[in-house]
Undergrad: 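Below: one structure in structure tokens.
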2 protein chains.
Amino acid sequence: MSEQEKKSKEQLILEVAESEFFSKGFDGTRTVVIAQKAGVTHAMLHYYFRTKEQLFDRIISDKFELISQMVLSVLGNSELPLIERLREGIASHFDLVAANPLLPRFLITEMLPHPERYHFMYEKLNSIRQLYTDLQKSVDEAAAQGVIERVDVMMLLTSILSLNVFPIISSQFILQMVGEVGQFDQAQFLAARKQETIEMIMRRITKK
Amino acid sequence: MSEQEKKSKEQLILEVAESEFFSKGFDGTRTVVIAQKAGVTHAMLHYYFRTKEQLFDRIISDKFELISQMVLSVLGNSELPLIERLREGIASHFDLVAANPLLPRFLITEMLPHPERYHFMYEKLNSIRQLYTDLQKSVDEAAAQGVIERVDVMMLLTSILSLNVFPIISSQFILQMVGEVGQFDQAQFLAARKQETIEMIMRRITKK
DNA sequence: TTTTTGTTTAACAATTTTGTTAATACAAAA
DNA sequence: TTTTGTATTAACAAAATTGTTAAACAAAAA
């Protein structure tokens with residue numbers, strides 16, 4: 001028996017379901033397709049997870065930590081000095097998003113239109129407040145010392161999220177649009193974006 | 001008869017359908033719901049548009065120009081000097097996206113996963129190439145004169161798109177996340193973002 | 001007025017998708 | 001080696017969703 005076949009059917013269903021839900025959304029996903037791709041009868045899917053909704057909920061809760069980190073990691077390590085903290089926060093956030101490129105689109109297409117369904121998620125993200133206030137303090141201190149310019153942390157975080165997430169979501173689209181003009185491939189493009197975000201944020205906070 | 005009632009049923013269906021498709025996506029939209037919200041029997045919907053798909057296609061082609069502008073406007077007016085061209089391009093692009101906030105999410109959730117369905121769209125966007133090359137030339141010239149730093153236009157456009165689009169898509173989410181800490185409302189937040197994008201791009205291209 | 005054309009409705013049909021069940025195989029424990 | 005619980009299948013049922021039709025109706029044309 002190969003490694004693949006050793007996996008329990010339950011596990012197989014979960015893996016296929018994750019990829020289906022993330023790429024097609026809840027409404028676009030067909031339980032029979034999940035079953036078929038997992039190589040099981042679709043009755044098995046209902047046997048293990050009862051309904052499509054419960055299967056979906058299971059996937060979400062399995063991704064709970066990852067989703068939290070997807071936002072929290074951008075705040076960086078508060079032990080480090082400000083500049084390092086930002087560089088490190090941006091880089092690790094970028095890597096996390098790049099490693100899970102379907103997740104942001106999923107959040108945008110599923111969480112935003114159904115906020116009631118994800119209240120638990122929003123609650124969890126309240127823990128961001130502490131780190132947020134903390135980061136604003138670091139910024140204000142550094143600004144007082146004349147090291148950097150005083151900036152609003154909400155604006156700064158929004159910029160970082162935008163610059164990191166959007167290109168990963170839409171790299172296909174951008175590369176296709178500009179086409180042969182630039183001859184980037186996707187890996188090069190993403191590597192360049194990671195540096196570009198850091199560069200832009202650094203320029204944003206340095207005193208003129 | 002009121003203004004509303006004077007509208008043809010066909011027009012009513014189209015308006016409701018647009019809002020439904022844009023907020024819930026193709027898969028999440030129910031034709032009976034469209035009919036119900038438009039105050040007509042759902043047979044009418046089929047009478048005018050035959051199928052759900054044809055209704056959808058009709059909406060898309062009606063939005064065709066807008067969708068094109070959604071990308072093209074960021075390139076600005078090539079008659080203007082570079083700095084003005086960028087400022088104007090960023091601002092008008094921001095305004096366009098802000099006036100149609102559901103469209104970008106729709107593009108991300110419908111166009112990206114079904115590229116075959118929107119080939120005509122991608123073709124149209126080929127017209128971006130001319131303007132793109134043109135903008136790179138302006139940048140190179142200004143850089144040669146030492147006015148600005150030499151930057152890659154693909155990176156620059158990606159940054160502008162990211163900084164303009166992402167905050168508009170996810171303003172709800174961001175505001176909720178940071179919550180009472182900053183007491184921005186959505187209008188203030190978006191106004192601030194528009195300026196912030198311009199500021200960041202200007203800092204990115206100025207020589208240190 | 002009669003005809004014609006396009007609009008509207010209600011009832012129904014077809015299809016797609018999800019969910020259930022009863023029978024059976026299987027594996028592990030007693 | 002019976003027993004017990006779990007896993008599996010095929011066939012079926014139910015629900016949801018889309019699409020059709022025939023007949024009524026209204027408006028405009030002849």
Side-chain angles (χ1 to χ4, degrees), chain A residues 1-62 106 109-110 113-114 116-118, chain B residues 1-62 106 109-110 113-114 116-118:
Chain A
M1 229 187 221
S2 80
E3 289 299 300
Q4 287 292 329
E5 290 165 320
K6 237 180 254 164
K7 282 176 188 169
S8 74
K9 304 212 165 179
E10 184 175 4
Q11 191 55 32
L12 269 175
I13 293 170
L14 276 171
E15 285 168 17
V16 174
E18 178 182 320
S19 125
E20 289 292 301
F21 279 131
F22 283 178
S23 59
K24 301 181 185 163
F26 182 83
D27 294 322
T29 295
R30 296 287 98 98
T31 55
V32 286
V33 172
I34 294 174
Q36 178 194 313
K37 290 193 180 177
V40 305
T41 64
H42 88 279
M44 288 308 295
L45 185 149
H46 292 287
Y47 173 70
Y48 282 118
F49 304 100
R50 192 77 182 172
T51 68
K52 181 181 177 183
E53 275 217 334
Q54 283 182 44
L55 173 56
F56 182 78
D57 289 346
R58 168 66 181 278
I59 308 272
I60 298 297
S61 41
D62 284 0
F106 178 79
T109 64
E110 297 290 329
H114 309 293
E116 74 292 351
R117 191 166 186 167
Y118 301 93
Chain B
M1 231 189 217
S2 81
E3 289 301 300
Q4 286 291 329
E5 289 166 320
K6 238 179 257 167
K7 282 178 188 167
S8 72
K9 305 215 166 177
E10 184 176 5
Q11 190 56 29
L12 270 175
I13 293 171
L14 276 172
E15 284 168 17
V16 174
E18 177 182 321
S19 125
E20 289 293 299
F21 280 132
F22 283 178
S23 59
K24 300 180 187 163
F26 183 84
D27 294 323
T29 295
R30 296 289 98 99
T31 55
V32 288
V33 172
I34 294 174
Q36 178 195 312
K37 290 192 179 175
V40 305
T41 63
H42 88 280
M44 286 308 293
L45 185 149
H46 292 287
Y47 171 71
Y48 282 116
F49 304 100
R50 193 75 181 171
T51 68
K52 181 182 177 184
E53 275 216 335
Q54 283 182 44
L55 174 56
F56 182 78
D57 289 346
R58 168 67 180 277
I59 307 273
I60 298 297
S61 41
D62 284 0
F106 179 79
T109 65
E110 297 290 329
H114 308 293
E116 74 291 353
R117 191 166 186 168
Y118 301 92

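Chain letters run A, B, ... following the sequence lines, proteins first and then strands; every chain starts at 1.
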Undergrad: Check side chain to side chain contact (heavy atoms under 4.5 Å, CB included) between A:Thr41 and all other residues, then give those that pass, not counting sequence neighbours.
TA: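 Partners of A:Thr41 by the side chain to side chain contact (heavy atoms under 4.5 Å, CB included) criterion, ordered by chain and then number, come out as A:Ala43, A:Met44.
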Undergrad: Please name all residues satisfying side-chain hydrogen bond (donor to acceptor under 3.5 Å, both in side chains) with B:Glu10, sequence neighbours left out, ordered by chain then number.
TA: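 Not a single residue meets the side-chain hydrogen bond (donor to acceptor under 3.5 Å, both in side chains) criterion with B:Glu10.
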Undergrad: Can you name the nearest heavy-atom pair linking A:Phe49 to A:Gln54, along with the distance?
TA: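 Result for this residue pair: O-CB, 3.3 Å.
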Undergrad: A:Glu18: what forms a side chain to side chain contact (heavy atoms under 4.5 Å, CB included) with it, not counting sequence neighbours?
TA: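 Result, side chain to side chain contact (heavy atoms under 4.5 Å, CB included) vs A:Glu18: A:Phe22, A:Ile59, A:Lys63.
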Undergrad: Suppose the criterion is salt bridge (Lys or Arg N to Asp or Glu O under 4.0 Å): which pairs have a residue in residues 43-53 of chain A, not counting sequence neighbours?
TA: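 Every pair satisfying salt bridge (Lys or Arg N to Asp or Glu O under 4.0 Å) with a residue in residues 43-53 of chain A: A:Glu53-A:Arg117.
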Undergrad: For the aromatic rings, using the six-membered ring if either is Trp, is the centroid distance between B:Phe21 and B:Phe106 under 6.0 Å?
TA: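 Between B:Phe21 and B:Phe106, the centre distance exceeds or equals 6.0 Å.
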Undergrad: Any idea which heavy atoms bring A:Leu12 and A:Ala38 closest together, and the distance?
TA: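 For A:Leu12 and A:Ala38, the tightest heavy-atom pair comes out as CD1-O, 3.8 Å.
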Undergrad: Atom pairs under 3.5 Å, N or O on each side, protein against nucleotides 23-29 of chain C: can you list them with distances?
TA:
none

Undergrad: Distance check, rounded to the nearest 0.5 Å: A:Phe26 atom CZ versus A:Leu55 atom CG?
TA: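 Output value for this atom pair is 9.0 Å.
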Undergrad: Taking all atoms of both residues into account, what is the closest heavy-atom pair of B:Lys9 and B:Tyr48, and its distance?
TA: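 Nearest heavy atoms, B:Lys9 then B:Tyr48: CB-CE1, 4.2 Å.
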Undergrad: How long is the span from the CZ atom in B:Phe56 to the CD atom in B:Glu110, to the nearest 0.5 Å?
TA: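 It is 4.5 Å, given to the nearest 0.5 Å.
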Undergrad: Chain A on DNA chain D: first and last contacting nucleotide, 5' to 3', under 4.0 Å to a heavy atom?
TA: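 First-to-last contact on DNA chain D, by the 4.0 Å heavy-atom rule, is D:dT6 to D:dA10.
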Undergrad: Return the polar atom pairs (N/O with N/O) between nucleotides 6-10 of chain C and the protein under 3.5 Å, or none.
TA:
{"unit_1": "C:dT7", "atom_1": "OP2", "unit_2": "B:Tyr47", "atom_2": "OH", "d": "2.8"}
{"unit_1": "C:dT8", "atom_1": "OP2", "unit_2": "B:Tyr48", "atom_2": "OH", "d": "3.0"}

Undergrad: Which pair of non-hydrogen atoms, one from B:Ile34 and one from B:Ile13, has the smallest distance, and what is that distance?
TA: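 Between these two residues, the closest heavy atoms are CG2-O, 4.0 Å.
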Undergrad: Please list, chain by chain and in numerical order, all residues satisfying side chain to side chain contact (heavy atoms under 4.5 Å, CB included) with A:Ser23, sequence neighbours excluded.
TA: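 A:Ser23 satisfies side chain to side chain contact (heavy atoms under 4.5 Å, CB included) with A:Leu102, A:Arg105 once adjacent residues are dropped.
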Undergrad: For nucleotides 12-19 of chain C, just jot down a letter per nucleotide in 5' to 3' order: B, S or -, based on protein non-hydrogen atoms under 4.0 Å.
TA: -----SBB
Undergrad: Using side chain to side chain contact (heavy atoms under 4.5 Å, CB included) as the criterion, list what pairs up with B:Ser61, not counting sequence neighbours.
TA: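 Scan of B:Ser61 (side chain to side chain contact (heavy atoms under 4.5 Å, CB included), adjacent residues dropped) gives none.
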Undergrad: As an exercise, state the distance from CG of B:Asp62 to CG of B:Leu14, rounded to the nearest 0.5 Å.
TA: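 Between B:Asp62 CG and B:Leu14 CG, I get 6.5 Å after rounding to 0.5 Å.
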Undergrad: Got a sec, which residues hit side-chain hydrogen bond (donor to acceptor under 3.5 Å, both in side chains) with A:Glu20, two or more places apart in sequence or on another chain?
TA: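 With sequence neighbours excluded, A:Glu20 shows a side-chain hydrogen bond (donor to acceptor under 3.5 Å, both in side chains) to A:Lys24, A:Lys37, given in chain and number order.
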Undergrad: Note down the inter-axis angle between the two ends of the helix from C:dT1-D:dA30 to C:dA30-D:dT1, five pairs each, to the nearest 10°.
TA: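 Both end axes considered, the difference amounts to 10°.
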